[in-house]
Amino acid sequence: MVDPKSIDFYSLGFNFIETNTMFVANHKNGKWDEGELVPFGKFEISPASCVLNYGQGIFEGMKALRGKNGEITLFRPEENGKRFNFSARRMLMPEYNSEKFIDAVKKVIKANEEFIPPYDSGGALYIRPILFGYGPILGVHSAEEFKLIIFTVPVGPYFPEGFKGIDLEISKLYTRAAPGGTGSAKTICNYAGTMLPAKEAKTRGFAQIIYLDAVHMEYIEEVGAANFFAMINDKLVTPRKTGTILEGITRESILELASKKLGLEVEERDISYKELYDESCTEAFCSGTAAVITPIASVALNGQVRILNNREPGEITIKLYELLTGIQRVEIEDEFGWIIKV
Ligand code: PLP
Ligand code: COI
(Lines give C-alpha, C1' and ligand atoms only; values in the text may rest on other atoms or scores of the structure.)
(Ligands and ions follow the chains in the order given, each with its own letter.)
Protein backbone atom coordinates (compact mmCIF):
# COMPACT_ATOMS: atom_id res chain seq x y z
CA MET A 1 0.00 0.00 0.00
CA VAL A 2 1.28 3.47 -0.85
CA ASP A 3 1.27 6.00 1.97
CA PRO A 4 -0.46 9.12 0.60
CA LYS A 5 1.90 11.21 2.74
CA SER A 6 4.81 9.95 0.63
CA ILE A 7 3.33 11.44 -2.57
CA ASP A 8 4.53 14.81 -3.82
CA PHE A 9 1.19 16.11 -5.10
CA TYR A 10 2.89 19.19 -6.51
CA SER A 11 4.96 17.36 -9.10
CA LEU A 12 2.54 14.75 -10.38
CA GLY A 13 2.40 13.76 -14.02
CA PHE A 14 0.04 11.27 -15.62
CA ASN A 15 1.55 8.07 -14.25
CA PHE A 16 0.18 5.14 -12.34
CA ILE A 17 0.28 5.45 -8.56
CA GLU A 18 -1.48 2.85 -6.48
CA THR A 19 -4.28 4.01 -4.20
CA ASN A 20 -5.95 2.01 -1.44
CA THR A 21 -9.36 0.98 -2.60
CA MET A 22 -11.19 -0.09 -5.76
CA PHE A 23 -14.79 -0.98 -6.55
CA VAL A 24 -15.54 -4.34 -8.14
CA ALA A 25 -18.84 -5.66 -9.52
CA ASN A 26 -19.39 -8.94 -11.36
CA HIS A 27 -21.95 -9.85 -14.00
CA LYS A 28 -22.82 -13.52 -14.02
CA ASN A 29 -25.83 -15.53 -15.19
CA GLY A 30 -27.28 -12.43 -16.79
CA LYS A 31 -27.18 -10.10 -13.80
CA TRP A 32 -24.93 -7.75 -11.85
CA ASP A 33 -24.09 -8.44 -8.23
CA GLU A 34 -24.21 -5.61 -5.69
CA GLY A 35 -20.54 -4.73 -6.12
CA GLU A 36 -18.20 -3.82 -3.27
CA LEU A 37 -15.19 -1.79 -2.24
CA VAL A 38 -12.08 -3.95 -1.86
CA PRO A 39 -8.38 -3.19 -1.37
CA PHE A 40 -6.70 -2.28 -4.66
CA GLY A 41 -4.97 -5.40 -5.89
CA LYS A 42 -4.53 -8.20 -8.33
CA PHE A 43 -7.15 -10.76 -9.24
CA GLU A 44 -7.14 -14.04 -11.11
CA ILE A 45 -8.17 -14.19 -14.73
CA SER A 46 -8.37 -17.11 -17.16
CA PRO A 47 -5.83 -17.09 -20.01
CA ALA A 48 -8.89 -17.78 -22.19
CA SER A 49 -10.74 -14.65 -21.02
CA CYS A 50 -12.38 -12.68 -23.80
CA VAL A 51 -10.58 -9.44 -22.92
CA LEU A 52 -7.13 -11.03 -23.14
CA ASN A 53 -7.84 -12.81 -26.42
CA TYR A 54 -10.14 -10.49 -28.33
CA GLY A 55 -10.00 -7.16 -26.51
CA GLN A 56 -13.58 -7.07 -25.25
CA GLY A 57 -13.09 -4.15 -22.90
CA ILE A 58 -14.02 -0.50 -22.40
CA PHE A 59 -13.08 2.30 -20.02
CA GLU A 60 -13.93 5.80 -18.90
CA GLY A 61 -11.87 8.68 -17.55
CA MET A 62 -13.11 11.20 -14.97
CA LYS A 63 -11.57 13.53 -12.42
CA ALA A 64 -12.43 14.37 -8.82
CA LEU A 65 -11.18 17.80 -7.80
CA ARG A 66 -10.61 19.34 -4.41
CA GLY A 67 -12.12 22.83 -4.21
CA LYS A 68 -10.71 25.83 -2.33
CA ASN A 69 -13.01 25.21 0.63
CA GLY A 70 -12.14 21.52 0.74
CA GLU A 71 -15.20 20.15 -1.05
CA ILE A 72 -14.75 17.34 -3.58
CA THR A 73 -16.41 17.67 -6.97
CA LEU A 74 -17.04 15.72 -10.17
CA PHE A 75 -17.69 17.15 -13.63
CA ARG A 76 -20.76 15.81 -15.51
CA PRO A 77 -20.35 12.20 -14.31
CA GLU A 78 -23.75 11.25 -15.73
CA GLU A 79 -22.29 11.84 -19.21
CA ASN A 80 -19.51 9.35 -18.47
CA GLY A 81 -22.13 6.89 -17.27
CA LYS A 82 -24.05 7.29 -20.54
CA ARG A 83 -20.93 6.91 -22.67
CA PHE A 84 -19.86 3.88 -20.65
CA ASN A 85 -23.12 2.19 -21.57
CA PHE A 86 -22.86 3.28 -25.22
CA SER A 87 -19.40 1.71 -25.34
CA ALA A 88 -20.66 -1.42 -23.53
CA ARG A 89 -23.43 -1.91 -26.11
CA ARG A 90 -20.97 -1.54 -28.99
CA MET A 91 -18.73 -4.19 -27.45
CA LEU A 92 -21.65 -6.51 -26.68
CA MET A 93 -21.35 -6.19 -22.92
CA PRO A 94 -24.00 -5.58 -20.27
CA GLU A 95 -24.84 -1.99 -19.34
CA TYR A 96 -24.42 -0.74 -15.78
CA ASN A 97 -27.14 1.37 -14.20
CA SER A 98 -26.05 5.03 -14.45
CA GLU A 99 -27.13 5.97 -10.91
CA LYS A 100 -25.27 3.00 -9.50
CA PHE A 101 -22.28 3.99 -11.64
CA ILE A 102 -22.15 7.47 -10.10
CA ASP A 103 -22.76 6.03 -6.66
CA ALA A 104 -19.86 3.58 -7.06
CA VAL A 105 -17.59 6.35 -8.38
CA LYS A 106 -18.41 8.49 -5.32
CA LYS A 107 -17.72 5.58 -2.97
CA VAL A 108 -14.29 4.95 -4.51
CA ILE A 109 -13.43 8.64 -4.29
CA LYS A 110 -14.40 8.82 -0.63
CA ALA A 111 -12.44 5.67 0.14
CA ASN A 112 -9.36 7.21 -1.51
CA GLU A 113 -9.91 10.74 -0.25
CA GLU A 114 -6.38 11.07 1.11
CA PHE A 115 -5.07 10.68 -2.44
CA ILE A 116 -6.93 13.70 -3.84
CA PRO A 117 -4.29 16.32 -4.63
CA PRO A 118 -4.72 19.61 -2.73
CA TYR A 119 -6.52 22.51 -4.40
CA ASP A 120 -3.41 24.61 -4.95
CA SER A 121 -1.49 21.76 -6.63
CA GLY A 122 -3.77 21.89 -9.67
CA GLY A 123 -3.91 18.08 -9.63
CA ALA A 124 -6.87 15.72 -9.56
CA LEU A 125 -7.86 12.23 -8.56
CA TYR A 126 -8.29 10.49 -11.91
CA ILE A 127 -11.04 7.89 -11.90
CA ARG A 128 -10.75 4.93 -14.21
CA PRO A 129 -13.83 2.71 -14.60
CA ILE A 130 -13.16 -0.39 -16.72
CA LEU A 131 -15.51 -3.13 -17.91
CA PHE A 132 -14.36 -6.27 -19.65
CA GLY A 133 -15.22 -9.78 -20.82
CA TYR A 134 -13.82 -11.82 -17.96
CA GLY A 135 -15.09 -15.29 -18.77
CA PRO A 136 -13.27 -17.83 -20.99
CA ILE A 137 -14.09 -18.16 -24.70
CA LEU A 138 -12.47 -19.66 -27.76
CA GLY A 139 -14.52 -18.60 -30.78
CA VAL A 140 -14.94 -14.91 -31.50
CA HIS A 141 -18.03 -14.09 -29.49
CA SER A 142 -18.83 -12.37 -26.24
CA ALA A 143 -17.76 -13.62 -22.82
CA GLU A 144 -20.56 -14.69 -20.50
CA GLU A 145 -19.04 -13.19 -17.38
CA PHE A 146 -17.96 -9.59 -16.98
CA LYS A 147 -16.11 -7.52 -14.43
CA LEU A 148 -16.47 -3.82 -13.69
CA ILE A 149 -13.65 -2.23 -11.74
CA ILE A 150 -13.25 1.40 -10.71
CA PHE A 151 -9.85 2.52 -9.48
CA THR A 152 -8.26 5.90 -8.92
CA VAL A 153 -4.86 7.55 -9.44
CA PRO A 154 -3.69 11.01 -8.34
CA VAL A 155 -2.60 12.92 -11.46
CA GLY A 156 -1.12 16.17 -12.66
CA PRO A 157 -1.08 17.38 -16.29
CA TYR A 158 -1.45 14.78 -19.09
CA PHE A 159 1.07 16.53 -21.30
CA PRO A 160 4.20 17.37 -19.28
CA GLU A 161 4.12 20.77 -21.00
CA GLY A 162 1.00 21.67 -18.91
CA PHE A 163 -0.75 24.77 -20.24
CA LYS A 164 1.96 25.36 -22.81
CA GLY A 165 1.69 24.72 -26.50
CA ILE A 166 2.45 21.21 -27.76
CA ASP A 167 3.87 20.26 -31.15
CA LEU A 168 1.73 17.83 -33.12
CA GLU A 169 2.44 15.75 -36.19
CA ILE A 170 -0.30 15.19 -38.74
CA SER A 171 -0.19 11.54 -39.77
CA LYS A 172 -0.72 10.45 -43.35
CA LEU A 173 0.49 6.99 -42.43
CA TYR A 174 -1.71 5.88 -39.56
CA THR A 175 -5.42 6.21 -38.82
CA ARG A 176 -7.21 5.71 -35.54
CA ALA A 177 -10.70 4.69 -36.62
CA ALA A 178 -12.67 3.89 -39.75
CA PRO A 179 -16.36 4.32 -40.63
CA GLY A 180 -18.37 1.46 -39.18
CA GLY A 181 -15.63 0.69 -36.67
CA THR A 182 -15.39 1.45 -32.97
CA GLY A 183 -13.93 5.00 -33.00
CA SER A 184 -16.75 6.59 -31.03
CA ALA A 185 -16.76 3.89 -28.35
CA LYS A 186 -14.19 4.08 -25.60
CA THR A 187 -12.94 0.57 -26.23
CA ILE A 188 -9.45 -0.42 -25.14
CA CYS A 189 -8.61 -1.63 -28.66
CA ASN A 190 -8.75 1.94 -30.01
CA TYR A 191 -5.82 2.85 -27.80
CA ALA A 192 -3.48 -0.12 -28.35
CA GLY A 193 -3.15 0.76 -32.01
CA THR A 194 -2.13 4.34 -31.26
CA MET A 195 0.90 3.43 -29.14
CA LEU A 196 3.33 2.76 -32.00
CA PRO A 197 2.35 5.90 -33.96
CA ALA A 198 2.67 7.99 -30.78
CA LYS A 199 6.07 6.52 -29.97
CA GLU A 200 7.34 7.17 -33.48
CA ALA A 201 6.05 10.75 -33.37
CA LYS A 202 7.76 11.26 -30.00
CA THR A 203 11.13 10.17 -31.40
CA ARG A 204 10.70 12.99 -33.93
CA GLY A 205 10.00 15.47 -31.12
CA PHE A 206 6.18 15.62 -31.29
CA ALA A 207 3.92 15.33 -28.26
CA GLN A 208 1.20 13.46 -30.17
CA ILE A 209 -0.41 12.83 -33.53
CA ILE A 210 -3.30 14.52 -35.30
CA TYR A 211 -5.25 11.70 -36.90
CA LEU A 212 -7.02 12.26 -40.21
CA ASP A 213 -10.13 10.52 -41.48
CA ALA A 214 -9.48 7.04 -42.85
CA VAL A 215 -11.41 7.52 -46.11
CA HIS A 216 -9.83 10.67 -47.57
CA MET A 217 -6.77 11.11 -45.31
CA GLU A 218 -7.73 14.77 -45.36
CA TYR A 219 -10.12 15.74 -42.57
CA ILE A 220 -8.97 16.11 -38.99
CA GLU A 221 -10.42 13.59 -36.56
CA GLU A 222 -8.69 14.00 -33.22
CA VAL A 223 -5.46 14.03 -31.26
CA GLY A 224 -4.60 10.59 -29.83
CA ALA A 225 -6.47 10.97 -26.57
CA ALA A 226 -8.16 14.35 -26.98
CA ASN A 227 -10.53 16.23 -29.30
CA PHE A 228 -9.40 18.95 -31.69
CA PHE A 229 -10.44 22.61 -31.92
CA ALA A 230 -9.23 25.56 -34.01
CA MET A 231 -10.12 29.20 -34.51
CA ILE A 232 -10.60 29.63 -38.26
CA ASN A 233 -12.02 32.85 -39.71
CA ASP A 234 -12.91 33.92 -36.16
CA LYS A 235 -15.13 30.87 -35.69
CA LEU A 236 -14.47 28.06 -33.25
CA VAL A 237 -14.45 24.88 -35.30
CA THR A 238 -14.22 21.23 -34.28
CA PRO A 239 -14.61 18.02 -36.31
CA ARG A 240 -18.23 16.92 -36.57
CA LYS A 241 -19.37 13.67 -35.01
CA THR A 242 -18.84 11.15 -37.76
CA GLY A 243 -18.96 8.02 -35.61
CA THR A 244 -15.19 7.82 -35.84
CA ILE A 245 -14.26 10.33 -33.15
CA LEU A 246 -14.65 9.90 -29.41
CA GLU A 247 -17.41 12.32 -28.52
CA GLY A 248 -15.72 14.12 -25.65
CA ILE A 249 -17.62 15.54 -22.70
CA THR A 250 -15.05 18.34 -22.52
CA ARG A 251 -15.63 18.96 -26.25
CA GLU A 252 -19.39 19.29 -25.69
CA SER A 253 -18.84 21.63 -22.72
CA ILE A 254 -16.40 23.83 -24.68
CA LEU A 255 -18.89 24.22 -27.53
CA GLU A 256 -21.50 25.37 -25.04
CA LEU A 257 -19.13 27.75 -23.22
CA ALA A 258 -17.88 29.22 -26.50
CA SER A 259 -21.33 30.02 -27.84
CA LYS A 260 -23.15 30.88 -24.60
CA LYS A 261 -20.41 32.60 -22.59
CA LEU A 262 -18.08 34.00 -25.25
CA GLY A 263 -20.72 34.65 -27.93
CA LEU A 264 -18.58 32.86 -30.51
CA GLU A 265 -19.87 31.29 -33.66
CA VAL A 266 -19.15 27.57 -33.39
CA GLU A 267 -19.08 25.01 -36.17
CA GLU A 268 -18.95 21.22 -36.09
CA ARG A 269 -17.77 20.38 -39.58
CA ASP A 270 -15.18 18.63 -41.72
CA ILE A 271 -11.85 20.44 -41.28
CA SER A 272 -9.15 19.77 -43.86
CA TYR A 273 -5.67 19.66 -42.34
CA LYS A 274 -4.73 22.14 -45.11
CA GLU A 275 -6.83 24.80 -43.38
CA LEU A 276 -4.33 24.79 -40.52
CA TYR A 277 -1.69 26.10 -42.92
CA ASP A 278 -3.81 29.11 -43.87
CA GLU A 279 -3.51 32.44 -42.09
CA SER A 280 -7.23 32.34 -41.33
CA CYS A 281 -6.37 29.67 -38.72
CA THR A 282 -5.19 31.70 -35.77
CA GLU A 283 -5.11 29.26 -32.86
CA ALA A 284 -5.77 25.62 -32.02
CA PHE A 285 -6.04 23.42 -28.96
CA CYS A 286 -7.09 19.95 -27.90
CA SER A 287 -9.49 18.95 -25.14
CA GLY A 288 -10.23 16.05 -22.84
CA THR A 289 -10.58 14.99 -19.24
CA ALA A 290 -6.87 14.21 -19.02
CA ALA A 291 -5.72 16.92 -21.46
CA VAL A 292 -8.17 19.56 -20.10
CA ILE A 293 -7.48 22.30 -22.69
CA THR A 294 -3.98 22.03 -24.12
CA PRO A 295 -2.85 24.70 -26.58
CA ILE A 296 -1.28 23.58 -29.86
CA ALA A 297 1.96 25.45 -30.63
CA SER A 298 2.58 23.92 -34.04
CA VAL A 299 1.44 21.28 -36.50
CA ALA A 300 3.68 19.52 -38.99
CA LEU A 301 3.32 17.22 -41.96
CA ASN A 302 6.33 15.86 -43.84
CA GLY A 303 8.55 18.64 -42.52
CA GLN A 304 6.08 21.41 -43.35
CA VAL A 305 5.57 23.20 -40.06
CA ARG A 306 2.85 25.71 -39.21
CA ILE A 307 3.52 27.67 -36.05
CA LEU A 308 0.38 28.93 -34.40
CA ASN A 309 0.14 32.23 -32.53
CA ASN A 310 3.92 32.45 -32.04
CA ARG A 311 3.68 29.18 -30.08
CA GLU A 312 1.71 30.98 -27.35
CA PRO A 313 -1.73 29.94 -26.08
CA GLY A 314 -4.29 31.95 -28.10
CA GLU A 315 -6.72 34.48 -26.65
CA ILE A 316 -9.78 32.23 -27.08
CA THR A 317 -7.87 29.17 -25.85
CA ILE A 318 -7.01 31.05 -22.64
CA LYS A 319 -10.57 32.34 -22.14
CA LEU A 320 -12.03 28.87 -22.61
CA TYR A 321 -9.42 27.33 -20.31
CA GLU A 322 -10.21 29.86 -17.59
CA LEU A 323 -13.96 29.35 -17.94
CA LEU A 324 -13.80 25.54 -18.00
CA THR A 325 -11.31 25.11 -15.17
CA GLY A 326 -12.99 27.93 -13.20
CA ILE A 327 -16.28 26.03 -13.27
CA GLN A 328 -14.56 22.70 -12.58
CA ARG A 329 -12.71 24.18 -9.59
CA VAL A 330 -15.89 25.89 -8.32
CA GLU A 331 -14.35 29.34 -8.69
CA ILE A 332 -16.91 30.44 -11.29
CA GLU A 333 -20.64 29.97 -10.83
CA ASP A 334 -21.81 26.68 -12.34
CA GLU A 335 -24.79 27.99 -14.27
CA PHE A 336 -24.98 24.87 -16.44
CA GLY A 337 -25.37 22.45 -13.50
CA TRP A 338 -22.27 20.50 -14.46
CA ILE A 339 -20.72 20.10 -11.03
CA ILE A 340 -21.68 17.36 -8.61
CA LYS A 341 -20.51 17.35 -5.00
CA VAL A 342 -19.15 14.06 -3.74
N1 PLP B 1 -10.71 11.53 -27.70
C2 PLP B 1 -10.15 10.43 -27.18
C3 PLP B 1 -9.61 9.40 -28.10
C4 PLP B 1 -10.10 10.26 -25.79
O5 PLP B 1 -9.53 9.18 -25.26
C6 PLP B 1 -10.63 11.27 -24.96
C7 PLP B 1 -10.59 11.12 -23.50
O8 PLP B 1 -11.48 10.68 -22.87
C9 PLP B 1 -11.23 12.38 -25.55
C10 PLP B 1 -11.24 12.49 -26.93
C11 PLP B 1 -11.86 13.46 -24.73
O12 PLP B 1 -13.03 13.03 -24.12
P13 PLP B 1 -13.53 13.65 -22.74
O14 PLP B 1 -13.56 15.11 -22.94
O15 PLP B 1 -14.86 13.07 -22.52
O16 PLP B 1 -12.54 13.25 -21.71
C1 COI C 1 -9.20 10.89 -20.64
O2 COI C 1 -9.02 12.04 -21.03
O3 COI C 1 -9.77 10.64 -19.58
C4 COI C 1 -8.75 9.77 -21.39
O5 COI C 1 -9.37 8.76 -21.33
C6 COI C 1 -7.51 9.84 -22.11
C7 COI C 1 -6.66 8.69 -21.70
C8 COI C 1 -6.51 7.70 -22.78
C9 COI C 1 -5.45 9.05 -21.00
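Remember, it's 1-based here, ligands and their atoms both numbered in the order they're listed.
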Quiz item: Under 4.5 Å between any side-chain heavy atoms of Ser272 and Glu218, yes or no?
Solution: yes

Quiz item: Are the aromatic ring centres of Phe59 and Tyr191 under 6.0 angstrom apart?
Solution: yes

Side-chain donor-acceptor pairs of residues 12-19 under 3.5 Å, sequence neighbours excluded:
residue : atom : partner : partner atom : Å
Thr19   : OG1  : Thr152  : O            : 2.9
Thr19   : OG1  : Thr152  : OG1          : 2.9

Exercise. May I ask you to check if Lys107 and Phe23 form a cation-pi contact, with NZ or CZ under 6.0 angstrom from the six-membered ring centre and within 45° of the axis?
Key: no

Practice problem: Ignoring hydrogens and angles, tell me if any N or O in the side chain of Arg251 forms a donor-acceptor pair with the backbone of Phe229 under 3.5 Å. | Solution: no

Self-check item: Lys63 side chain vs Thr289 backbone, donor-acceptor pair below 3.5 Å
Solution: yes

Quiz item: Which atoms of ligand 2 are found less than 4.0 Å from any heavy atom of Tyr126?
Solution: 1 (C), 3 (O), 4 (C), 5 (O)

Exercise. Give a yes or no on whether the backbone of Val108 and the side-chain of Asn112 come within a donor-acceptor separation of less than 3.5 Å.
Key: yes

Quiz item: Short list, please: which atoms of ligand 2 are under 4.0 Å from a heavy atom of Tyr191?
Solution: 8 (C)

Quiz item: Which is closest to atom 6 (C) of ligand 2 in terms of heavy atoms, Ala225, Gly61, Gly288?
Solution: Ala225

Quiz prompt | Min N/O separation Phe14 to ligand 2 under 3.5 Å | solution = no

Quiz item: For atom 2 (O) of ligand 2, which protein heavy atom lies nearest, and how many Å away is it?
Solution: Ala290 N, 2.8 Å

Quiz item: For ligand 1, what are the residues with a heavy-atom contact below 4.0 Å?
Solution: Arg83, Arg176, Lys186, Tyr191, Glu222, Gly224, Ala225, Ala226, Asn227, Leu246, Gly248, Ile249, Thr250, Ser287, Gly288, Thr289

Quiz prompt | Shortest protein contact, atom 7 (C) of ligand 2 (heavy atom only) | solution = Arg128 NH2, 3.9 Å

Quiz item: Is the side chain of Asp33 donor-acceptor paired with the backbone N or O of Asn26 at a distance under 3.5 Å, no angle test?
Solution: yes

Exercise. Identify, by atom number and element, the atoms of ligand 2 in contact range of Phe59, meaning under 4.0 Å from any of its heavy atoms.
Key: 5 (O)

Quiz prompt | Considering all heavy atoms, the nearest Glu279-Thr282 contact | solution = O-CG2, 3.9 Å

Self-check item: Ligand-residue contact atoms, ligand 2 with Tyr158, heavy atoms, under 4.0 Å
Solution: 9 (C)

Exercise. Tell me which part of Lys186 gets within contact of ligand 2: side chain, backbone, both or neither, using heavy atoms under 4.0 Å.
Key: side chain

Quiz item: Sub-3.5 Å donor-acceptor pair from the side chain of Thr187 to the main-chain atoms of Ile58, do we have one?
Solution: no

